[in-house]
Amino acid sequence: MTAVFSHGRLRLYLLKLLDDGPKHGYELIRLLEDRFLGLYAPSAGTIYPRLQRLEVEGLVTHTAAGGRKVYEITESGRAELRQRADELATLEADITASVQDLSTLAGEIQTEVRGSVRDLKRELREAARQTRQTRQTRWDRPVPPPAPAAAASPLLTEFDQRLAAFTMEVGGLVRAHRLSDNQLRTAIRVLDGALDGLRRLLR
């Protein structure tokens with residue numbers, strides 16, 4: 001769970017969402033994901049136990065519709081929202097700030113990944129150019145192409161070095177920010193996207 005919802009604040013926000021109208025659990029998950037611009041989405045294991053607890057406390061009720069439980073806020077739930085209006089306003093401000101932080105982090109990691117991919121492509125082009133020049137000038141006579149393993153070995157070594165440096169730099173960047181679990185999940189998704197980009201590049 002993102003840190004902004006620590007200390008029972010997710011419970012309060014669920015009441016706020018239900019105050020806008022009855023919803024089933026999946027709708028609440030999607031609304032929260034939309035609120036965080038897709039950078040955070042609570043699991044069903046996070047949402048449903050809290051809804052059950054709210055129901056035990058008499059703050060929400062549910063009805064069955066189409067095989068799903070549809071939750072609705074009660075008058076007691078609305079009374080709690082009124083009593084905690086200031087806390088809810090602070091929570092909304094914290095959510096806005098959290099979304100901005102997550103967006104900034106995602107942008108920084110994407111920039112790092114794009115830069116690394118550009119460096120790799122540039123180095124591959126330079127290695128190919130140098131190989132062509134060497135073949136043309138050595139002993140003023142044609143030189144047979146080297147065996148695949150021999151040609152690839154220096155480049156693979158350089159690639160391994162770049163990959164290790166990239167891993168260390170990204171790891172240091174992430175650890176320096178002391179990221180929450182949700183921010184780490186976002187970073188993982190960004191890295192997965194970079195891997196997909198490399199796969200498309202090398203097809």
Side-chain angles (χ1 to χ4, degrees), residues 1-111 113 170-171 173-175 177-197 199-200:
M1 183 191 308
T2 184
V4 76
F5 285 136
S6 60
H7 307 298
R9 300 172 89 192
L10 178 57
R11 173 182 180 278
L12 176 62
Y13 205 72
L14 289 174
L15 287 176
K16 183 261 183 190
L17 292 176
L18 290 174
D19 191 42
D20 295 333
K23 296 172 180 66
H24 55 72
Y26 181 77
E27 286 178 300
L28 293 168
I29 290 172
R30 294 284 75 80
L31 285 170
L32 282 162
E33 184 176 17
D34 291 345
R35 181 67 179 86
F36 281 84
L37 305 181
L39 298 173
Y40 165 72
S43 66
T46 296
I47 294 299
Y48 285 102
R50 284 166 174 78
L51 290 171
Q52 292 170 2
R53 181 64 181 274
L54 289 170
E55 189 168 14
V56 169
E57 295 174 0
L59 302 178
V60 304
T61 60
H62 84 269
T63 56
R68 289 178 172 176
K69 291 182 177 180
V70 177
Y71 293 88
E72 185 173 358
I73 193 170
T74 64
E75 285 305 318
S76 296
R78 290 191 176 91
E80 177 161 334
L81 280 179
R82 289 192 295 268
Q83 293 169 3
R84 302 174 65 184
D86 290 344
E87 185 179 346
L88 182 59
T90 300
L91 175 56
E92 284 284 11
D94 289 346
I95 290 174
T96 298
S98 179
V99 170
Q100 291 173 347
D101 290 343
L102 289 171
S103 299
T104 299
L105 174 64
E108 289 175 353
I109 294 176
Q110 287 173 340
T111 298
V113 170
V170 172
L173 177 67
V174 170
R175 289 179 176 82
H177 283 77
R178 298 180 181 177
L179 305 185
S180 66
D181 288 347
N182 185 65
Q183 289 173 319
L184 286 172
R185 292 189 190 98
T186 300
I188 290 169
R189 287 199 296 269
V190 172
L191 291 177
D192 287 343
L195 180 57
D196 288 340
R199 286 171 178 155
R200 289 192 295 270

Exercise. Do NZ/NE/NH1/NH2 and the carboxylate oxygens of Glu75 and Arg78 come within less than 4.0 Å?
Worked result: yes
Exercise. Are the charged groups of Lys69 and Glu55 less than 4.0 angstrom apart, N to O?
Worked result: no
Problem set entry | Donor-acceptor contact below 3.5 Å, side chain Lys23 vs main chain Leu17 | yes
Problem set entry | Pair Glu80-Arg11, side-chain contact (heavy atoms from CB on, under 4.5 Å): steps then yes or no | CA-CA 11 Å; Glu80 177 161 334; Arg11 173 182 180 278; 2.5 Å; yes
Seminar exercise, completed: Taking every heavy atom of Val70 against every heavy atom of Ala65, the minimum-distance pair comes out as CG2-CB, 3.8 Å
For this session: Determine, stepwise, if the pair Phe5 / Leu12 fulfils side-chain contact (heavy atoms from CB on, under 4.5 Å).
Result: CA-CA 9 Å; Phe5 285 136; Leu12 176 62; over 6 Å; no
Exercise. Roughly how far apart are Leu32 CG and Ile95 CD1, rounded to 0.5 Å?
Worked result: 7.5 Å
Problem set entry | Interatomic spacing from CG in Leu59 to OH in Tyr71 - rounded to 0.5 Å | 13.5 Å
For this session: Please examine the side chains of Leu28 and Leu51, heavy atoms only from C-beta on, and report whether any two atoms are closer than 4.5 Å.
Result: yes
Exercise. For the residue pair Glu27 and Pro22, what are the closest heavy atoms and their distance?
Worked result: OE1-O, 4.4 Å
Exercise. Where the side chain of Glu57 meets the backbone of Leu54, is there a donor-acceptor pair that is under 3.5 Å apart?
Worked result: no
Problem set entry | Glu92 side, atom CD; Leu88 side, atom CG - distance, nearest 0.5 Å | 5.5 Å
Problem set entry | Arg30 CZ: over 12 foreign heavy atoms closer than 6.0 Å | yes
Exercise. How far apart are the closest heavy atoms of Leu81 and Leu15, and which atoms are they?
Worked result: CD1-O, 3.6 Å
For this session: I would like to know whether Lys16 and Ile73 meet side-chain contact (heavy atoms from CB on, under 4.5 Å); could you show each step before the answer?
Result: CA-CA 9 Å; Lys16 183 261 183 190; Ile73 193 170; over 6 Å; no
For this session: Grab the two heavy atoms, one from Ser98 and one from Phe36, that are nearest each other, plus how far apart they are.
Result: OG-CE2, 4.0 Å
Problem set entry | side-chain contact (heavy atoms from CB on, under 4.5 Å) between His62 and Gln52, worked out | CA-CA 9 Å; His62 84 269; Gln52 292 170 2; over 6 Å; no
Exercise. So how far is it from Gln100 CD to Leu37 CG, rounded to the nearest 0.5 Å?
Worked result: 9.5 Å
Exercise. Is atom CG of Asp34 surrounded by more than 12 heavy atoms (other residues, nucleotides or ligands) closer than 6.0 Å?
Worked result: yes
Seminar exercise, completed: What one should report as the nearest heavy-atom pair of Gly58 and Ser76 is O-CB, 3.7 Å
Exercise. Quick one: CZ on Arg68 to OH on Tyr26, what's the gap to the nearest 0.5 Å?
Worked result: 8.0 Å
Exercise. Do Glu72 and Leu18 touch side chain to side chain, with heavy atoms closer than 4.5 Å?
Worked result: no
